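Have a look at the structure below, then the notes.
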Amino acid sequence: MAVKSNLTNMVLVLGLTCLLCSAVLGGAYVLTKEPIDKAAAEKTNRAISQVLPHFTEVEYNEADHYYKATDGDQLVGYAIESTVVGFGGPLSLIVGVTPDGVVYNTSVLSHAETPGLGAKCTTDEKFMGQWKGFNPSIKKLSVKKDGGDVDAITASTITSRAYTQAVENALNVFNKLEGGQDNE
């Protein structure tokens, strides 16, 4: 005998379908959360080791999104997370700053830039290389098109400006740390 279609039956079937779908999504979340978190932590740790000189310990400051790296009792520097809006969306970097305020290196954590254009911020050696040892007290932190010392990626001025802004934001966090001395 066929079930008669009425409002009660439709609500019941829709409710059970939603409950089943929610259970499947919840289960998938539980199964994938730990591996995703582990991969993200490994990616961040690799980035920190790329943007700072040798260190033995690292401590995370959640309020200001930076890592304080030390080698024994000596401060090695800070790895500062910085996110800005690029041409295609969020552009997240980690910027290594030594205690004397010099950018040791930078690394892209994630981006949504156009493949083949703005995405070159992760592969263009000329662009990436100019950040190694970038001293903002000697060089102007803006793209050459704006009167600064940063060479932009060809055909990707917006991404280059965003990258430069992310580095500047990281340096502002560093400067709030009183020239590299942690306030904690």
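From a predicted model like this one, the values you see are computed outputs, not experimental measurements. Positions are given from 1 along the sequence.
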Notebook entry, point to check: What's the shortest heavy-atom distance between H111 and A119, and which atoms?
Noted result: CE1-CB, 3.6 Å
Check: Atom CG in N105, atom CD in Q50: separation rounded to 0.5 Å?
Finding: 7.5 Å
Notebook entry, point to check: Do you know which two heavy atoms are closest between L109 and A47, and how far apart they sit?
Noted result: CD2-CB, 3.8 Å
Item checked: Side-chain donor or acceptor of T56 paired with backbone N/O of T70 under 3.5 Å -> yes
Next item on the list: Quick one: pull up CG in L7 and CG in L12 and give me the separation to the nearest 0.5 Å.
Entry: 11.0 Å
Checklist line | Which atom of D151 lies closest to which atom of K126, heavy atoms considered | finding: OD2-CE, 3.8 Å
Next item on the list: Look only at the side chain of T114 and the backbone of G118, and say whether a donor-acceptor pair between them is shorter than 3.5 Å.
Entry: no
Notebook entry, point to check: Are L171 and V173 in one and the same hydrophobic cluster, where Ile, Leu, Val, Met, Phe, Trp and Tyr link if side-chain heavy atoms are under 4.5 Å apart?
Noted result: yes
Check: CG of L20 to CG of L25: how many Å apart, nearest 0.5 Å?
Finding: 9.5 Å
Notebook entry, point to check: Rounded to the nearest 0.5 Å, what separation is found between the NZ atom of K144 and the OG atom of S160?
Noted result: 12.0 Å
Notebook entry, point to check: Is the count of non-hydrogen atoms from other residues, nucleotides or ligands lying under 6.0 Å from K145 atom NZ greater than 12?
Noted result: no
Margin query: So for atom CD, which belongs to E42, do other residues, nucleotides or ligands contribute more than 12 heavy atoms lying within a distance under 6.0 Å?
Written below: yes
Item checked: Which atom of A162 lies closest to which atom of G86, heavy atoms considered -> CB-CA, 3.7 Å
Next item on the list: Could you tell me which non-hydrogen atom of A170 sits nearest to which non-hydrogen atom of S82, and how far apart they are?
Entry: N-OG, 4.1 Å
Note to self: Working note: L75 + K68, criterion side-chain contact (heavy atoms from CB on, under 4.5 Å); need CA distance, chi angles, decisive distance, verdict.
What the structure shows: CA-CA 8 Å; L75 176 65; K68 178 182 176 184; 3.8 Å; yes
Checklist line | Electrostatic pair D146-R161, nearest N-O below 4.0 angstrom | finding: yes
Next item on the list: First locate atom CE of M128, then atom OG1 of T122, and finally report the distance between them rounded to the nearest 0.5 Å.
Entry: 7.5 Å
Notebook entry, point to check: Rounded to the nearest 0.5 Å, what separation is found between the CG atom of L91 and the CD1 atom of I158?
Noted result: 12.5 Å
Item checked: Exercise: do E168 and N172 side chains pair donor with acceptor under 3.5 Å -> no
Item checked: Residue list, ring pair (Phe, Tyr, Trp, His ring centres under 6.0 Å) with Y67, at least two apart or on another chain -> Y60
Next item on the list: Could you tell me which residues satisfy side chain to side chain donor-acceptor pair (under 3.5 Å) with T83, sequence neighbours excluded, listed by chain and number?
Entry: S92
Check: Under the side-chain contact (heavy atoms from CB on, under 4.5 Å) criterion, do F55 and I48 qualify, and how do the steps go?
Finding: CA-CA 10 Å; F55 58 89; I48 294 169; 3.5 Å; yes
Notebook entry, point to check: With hydrophobic residues grouped by side-chain heavy-atom distances under 4.5 Å, do Y104 and V167 end up in a single group?
Noted result: no
Next item on the list: Might you work through the side-chain contact (heavy atoms from CB on, under 4.5 Å) test for T159 and L117, ending with a clear yes or no?
Entry: CA-CA 9 Å; T159 300; L117 292 173; over 6 Å; no
Margin query: Pair M10, V13 - check side-chain contact (heavy atoms from CB on, under 4.5 Å), show working.
Written below: CA-CA 5 Å; M10 287 188 277; V13 170; 6.0 Å; no
Margin query: Looking at every non-hydrogen atom in both residues, tell me the closest pair between S49 and R46 and how far apart they are.
Written below: OG-O, 2.8 Å
Next item on the list: Give a yes or no on whether the backbone of K140 and the side-chain of D149 come within a donor-acceptor separation of less than 3.5 Å.
Entry: yes
Check: Looking at residues at least two apart in the chain, or sitting in another chain, which of them share a salt bridge (Lys or Arg N to Asp or Glu O under 4.0 Å) with D73?
Finding: none
Item checked: Of I94, L93, I80, the residue whose pairing with V51 passes side chain to side chain contact (heavy atoms under 4.5 Å, CB included) -> I94
Item checked: Verify same cluster id: F127, V84 (apolar side-chain graph, 4.5 Å) -> yes
Check: Do L141 and V143 belong together in a cluster built from hydrophobic side chains that touch within less than 4.5 Å?
Finding: yes
Item checked: Close side-chain approach of F174 and V95, heavy atoms under 4.5 Å -> no
Item checked: Of F134, W131, F87, the residue whose pairing with Y163 passes ring pair (Phe, Tyr, Trp, His ring centres under 6.0 Å) -> W131
